[in-house]
Amino acid sequence: MIGLQLLVQVLALGAAYGLVALGFVLILNATGAVNFSQGDLVMAGGFVAVALGDRLHLPGLVLLPLLIAIMAALGAAVALVAYMPLRARPPEAVFISTIAVGIILQNGANRLFGAEPLAAPPLLGVGPGGGQVRFAGVTASVQSLAIIAVAALLIAALHGLFVHTQFGRRLRATAQDREVAMAVGIPVDRMIVGTFAVAAALAGAAGLLLSNVFFVVPTSGGDYILKAYIAVVIGGWGSIPGAIAGALLIAAFEVIYPSLPLLLPALNALPDSDGWFSQTVSTVMLNLAVLLILFVRPRGLFGEPIGQRP
Amino acid sequence: MTPWRTRLARGGAAGPLAVVALAYAVLALPHASGYAMRVLGTAGIYALLAIGYGFIFGLAGALSLAQGAFMGIGAYVSGILATRYGIPFDAALPASIGLPMALALLVGVPVLRLQTHYFALATLLIGQTALLAATQWQSVTGGANGMGGVPPISLLGHAISGRLPTLLTIWAIVAAGAALAWWIGHGRLGDAYALLRANQAASRAIGIDTGRLRMVAFLLSAGYAGLAGSLYVHALGVLSPDVLGFPVMVTCLTIAVVGSRLRVTGAVAGAVLIIELPEWARFLRDDYMLAFGCILLLVVVALPGGLIEALERLLGRLWAPPPERLPDPLPLPLTRRPPRSDRPLLEITGLTRGFGGVRALSGVSLSVRAGEVVGLIGPNGSGKTTLLNAVTGIFPPESGDIRLAGHSIAGWAPHRIARLGIARGFQTAALAPGLSALDNVAIARDAAGLGLGRAVWASPRDPAWRRARREAMALLDSLGAGAHAGVLAASLPPGIARLVEIARALATAPRLLLLDEPAAGLNETEQADLAPRLRGLVDSGIGLLVIEHNMAFLAPLADRLICLDQGALIAAGTPREVQGDPRVIEAYLGVAPSGEDMTAPFSVAPT
């Protein structure tokens, strides 16, 4: 039963990380550049959700469309300020300009909301707590289940956007080959701004989902960008399903590693067993595992979607 | 122009900046408050950190995010040794500099292989892990609270107390570190790094061990960071995990970008600017960091090369240095003139290489003799360039053998193959854009001998470098490109760039030269000029394997032609035989020849 309970946690956390990683990989594909402010956009989304919740007293699910619209506008602004002027420059330039955007977002949030941890409203209901459901002996929080459902819906909607709309087809064409897309008359610049908007909207949704459970502070973003970055690297640089798989793997590690003494009581016999399964050690272990993956498979766990041809 | 003015103009922004610094030291420093001196000392420490970062991020062009961690480790080593074991600053230096370098060596072997974004992530994770370890390992590091009571800097038993002596000590060390960094970066080694940044494959093709060069840069940056961290903890008197945090790395990166990543002066000026900025912008108070982000964004967007390069462009307009005098040509001693013999110089047997499911080469066998021109033709995607890449070691073959003068070189690293005597040109000329045509050729002379030791002892007045430049001049003259020797590679017309690349290949004194479409981009006069020059080289004993679509250029030049199609050899023989071969015609035109007219020699249009 504990296994199922952990599975719900893994899926909820993985779904939220997946949204962050998805935004990261969309921008990566469209521009070839790393958006280092993706984590800070999650943080910004969390604060926007807090502000909306404070004023409107509505459940998160109702706030979500409004939040997505606000975050899409923010994403487009980031594209115009930090990407467009640097189109013709090496990718490091965008890396640094988006670090600058991150600094601006963090300190802007600090100015507006302060450094105290805040919680966004839950998806269902408006109070800080969330209900629990019991089914077949498994206890799960309503929020966790709602996160899984919302993230799945968003990913499905994104899939629909990409496959069934002209806008989505143009976005994909831009991501696959910018020159050719330009040659057939796709307004590539507008598509890239659109990609940033979609990516920021995903980050914002993740911010709403995550900041109810983990709270949000202005420095929350650092952790999320790292998770997204790792997810995209182990999932295969540029692969969309890989990014989601990578996010689920990270979530699985983060949920299961600290619970190991619970799953395997024999581990409690280890000297200083509490110290070995703390959150900090879990992060260190995750980092080391990712480094190991990079050393053994320099192009990620599943390889890059397209082989390099010099 | 008088010599001192020439020298000043060549020094770029260094002269004017030195004047400003000196004026500040004389006029303002004696009256500065203790607090101001402390801030300036911190700026010096960040200058040292950023000068070190210039090796990996500037010279080697790799975005490392571990520089902050290396500084933090240096700080922790020095701080712990001082507070727990009473070991003073200078006696601890071997450990506080050595440990970050040892860690860099340890992680560098696997990490430096990684390309840009993977390298950035790996270095970021190393930094984050170091921070977590420092906060977790409480018994040794003091955990999240850190440790107080770190004694001040001491040298040879003399504790340096007081703000001004501390400040002067820090800046004396910065000056020494800056001089060493300038010395290392401004010679042949600096030129080699310029090519490494521009094109790794081209660097390896002239015998540069790019892995070693990147490692040297990574180690130097770690060593400088360790020193900076050690100074930091002794100057501050407190050891705290903040020194391992990502903000230190962001500050370092900002300094490098705002200052100019390729200039030692950029690191120093950037550090002073970024560290002093909060003091000047005190009126902004809480919004300072917000302004900081905006300034960083503005500089990245508006000043691509950073402040110092912008300043240099400005100064260059005011007093441009006179063009450098070109060296007298010195003909190259052909030390490796191979004997003409019937034994093939290059022997390829059963070469196979695939990419994923695509067979790029399957069972190709061919040979090239010394003093022979072999033309390699075939439709696009037939495996010609892959063959060149396999021979030069970029893509090791899956099976089959490649022998150069009897030595099997299959699976060797590209720089080792280059050192054995195979040189190549690329489909699009791969030169270091910021170097003159002459220096682009000169790097390839004895590139195997490049190294840190030699750079420290000899650069930039290395007599071997002067000779290399004279020999490069002779090579450019011999190819008819001598008039462009002083021009920056970025401004060379494509035809000349191609000749410069051939000259660079020849500068390695190769036994075998591989060229990939040398006539592409040349006009007819240039083509007519190039062919006899290539023939002359071959007559002196070099073997030449040349990929070319332009039959008008290739057919008279080549002794033999080899045609590939879909990775397999379909025809070999004299140009006339191969051009008339029905399989060749089919491969190019996609139809089986019918009737007599099709069997006549044809000229394949350049694609």
Side-chain angles (χ1 to χ4, degrees), chain A residues 28 32-34 36 81-82 84-86 88-108 110-111 219 222-223 225-226 229-230 232-233 237 275 278-281 283-292 294-296 298-300 303 306-310, chain B residues 57 61-63 65 107 109-111 113-122 124-129 132-133 135-136 200-201 245-247 249-250 253-254 256-257 261 286-302 304 355-356 358 360 385-386 389 394-395 426-427:
Chain A
L28 177 71
V34 166
F36 209 79
V81 173
M84 282 313 184
L86 303 174
R89 299 248 217 102
E92 289 104 62
V94 179
F95 205 104
I96 296 161
S97 75
T98 51
I99 285 181
V101 167
I103 295 174
I104 295 169
L105 288 175
Q106 279 171 37
N107 291 285
N110 197 30
R111 196 88 173 87
T219 50
D223 217 23
I225 180 63
L226 210 57
Y229 207 145
I230 293 174
V232 172
V233 163
W237 199 245
S278 69
Q279 202 60 52
T280 313
V281 175
T283 312
V284 170
M285 290 294 175
L286 177 64
N287 289 356
L288 294 179
V290 175
L291 284 172
L292 194 70
L294 281 176
F295 298 161
V296 182
R299 295 194 182 281
I306 300 162
Q308 219 185 345
R309 208 194 132 160
Chain B
F57 180 60
L63 178 60
L65 296 175
V107 298
V109 174
V111 164
R113 277 186 319 162
L114 302 172
Q115 294 306 307
T116 49
H117 37 263
Y118 297 110
F119 179 68
L121 175 68
L124 181 62
L125 290 177
I126 289 162
Q128 214 220 9
T129 308
L132 290 171
T135 47
Q136 189 76 2
Q200 196 161 335
F246 196 58
M249 184 63 242
V250 170
L253 183 65
T254 309
V257 171
R261 61 199 276 191
D286 296 344
D287 290 329
Y288 159 67
M289 278 305 289
L290 205 57
F292 181 86
C294 295
I295 290 170
L296 177 59
L297 187 59
L298 202 70
V299 171
V300 176
V301 169
F355 296 100
V358 185
T385 301
T386 304
N389 286 336
I394 292 179
F395 296 137
F426 291 84
Q427 216 160 359

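Protein chains get the first letters and strands the later ones, always in sequence-line order, with residue 1 at the start of each.
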Enquirer: Determine the minimum heavy-atom distance between Ile104(A) and Leu290(B), stating which atoms define it.
Expert: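 Ile104(A) and Leu290(B) have their closest heavy atoms at O-CD1, 3.2 Å.
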
Enquirer: Return the minimal non-hydrogen interatomic distance between Leu297(B) and Ala82(A), and the atom names on each side.
Expert: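 What the structure gives for the nearest pair is CD1-CB, 4.1 Å.
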
Enquirer: Between Phe426(B) and chain A, with a heavy-atom cut-off of 4.5 Å, which part of the residue counts as in contact: side chain, backbone, both or neither?
Expert: neither

Enquirer: Shortest non-hydrogen contact from Ala100(A) to Gly293(B)?
Expert: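 So the two residues come closest at CB-O, 3.6 Å.
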
Enquirer: With the side chain counted from C-beta on, respond yes when Phe95(A) and Leu65(B) share a heavy-atom pair under 4.5 Å apart, and no when they do not.
Expert: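 Result yes, sub-4.5 Å side-chain heavy-atom pair found.
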
Enquirer: Please look at Leu253(B) and chain A and tell me whether the side chain, the backbone, both or neither of the residue comes under 4.5 angstrom of a heavy atom of that chain.
Expert: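 The side chain, not the backbone.
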
Enquirer: Do Val250(B) and Phe36(A) touch side chain to side chain, with heavy atoms closer than 4.5 Å?
Expert: no

Enquirer: Which pair of heavy atoms, one from Gln128(B) and one from Asp223(A), lies closest together, and at what distance?
Expert: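 Reported closest heavy-atom pair: NE2-OD1, 4.3 Å.
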
Enquirer: At a 4.5 Å cut-off on heavy atoms, which part of Val301(B) comes close to chain A: side chain, backbone, both, or neither?
Expert: both

Enquirer: Just verifying a value: how many Å separate Phe246(B) CZ and Thr219(A) OG1, rounded to the nearest 0.5 Å?
Expert: 13.0 Å

Enquirer: Mind ranking Asn287(A), Ile230(A), Ile103(A) by heavy-atom pairs under 4.5 Å with chain B and telling me who comes out on top?
Expert: Asn287(A)

Enquirer: Examine whether an atom of Pro247(B) lies under 4.5 Å from a heavy atom of chain A, and if so say whether it belongs to the side chain, the backbone or both; otherwise answer neither.
Expert: neither

Enquirer: For a 4.5 angstrom cut-off between non-hydrogen side-chain atoms, does Thr283(A) reach Thr129(B)?
Expert: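 Sidechains of Thr129(B) and Thr283(A): no contact.
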
Enquirer: Carefully, step by step, assess Thr254(B) and Ile99(A) under the rule side-chain contact (heavy atoms from CB on, under 4.5 Å).
Expert: CA-CA 10 Å; Thr254(B) 309; Ile99(A) 285 181; 6.0 Å; no

Enquirer: Quick one: are Val281(A) and Leu132(B) in side-chain contact, heavy atoms under 4.5 Å?
Expert: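 A side-chain contact is absent here, since even the closest heavy-atom pair is not under 4.5 Å.
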
Enquirer: Based on non-hydrogen pairs under 4.5 Å, which of Val81(A), Leu286(A), Leu226(A), Val34(A) is most in contact with chain B?
Expert: Leu226(A)

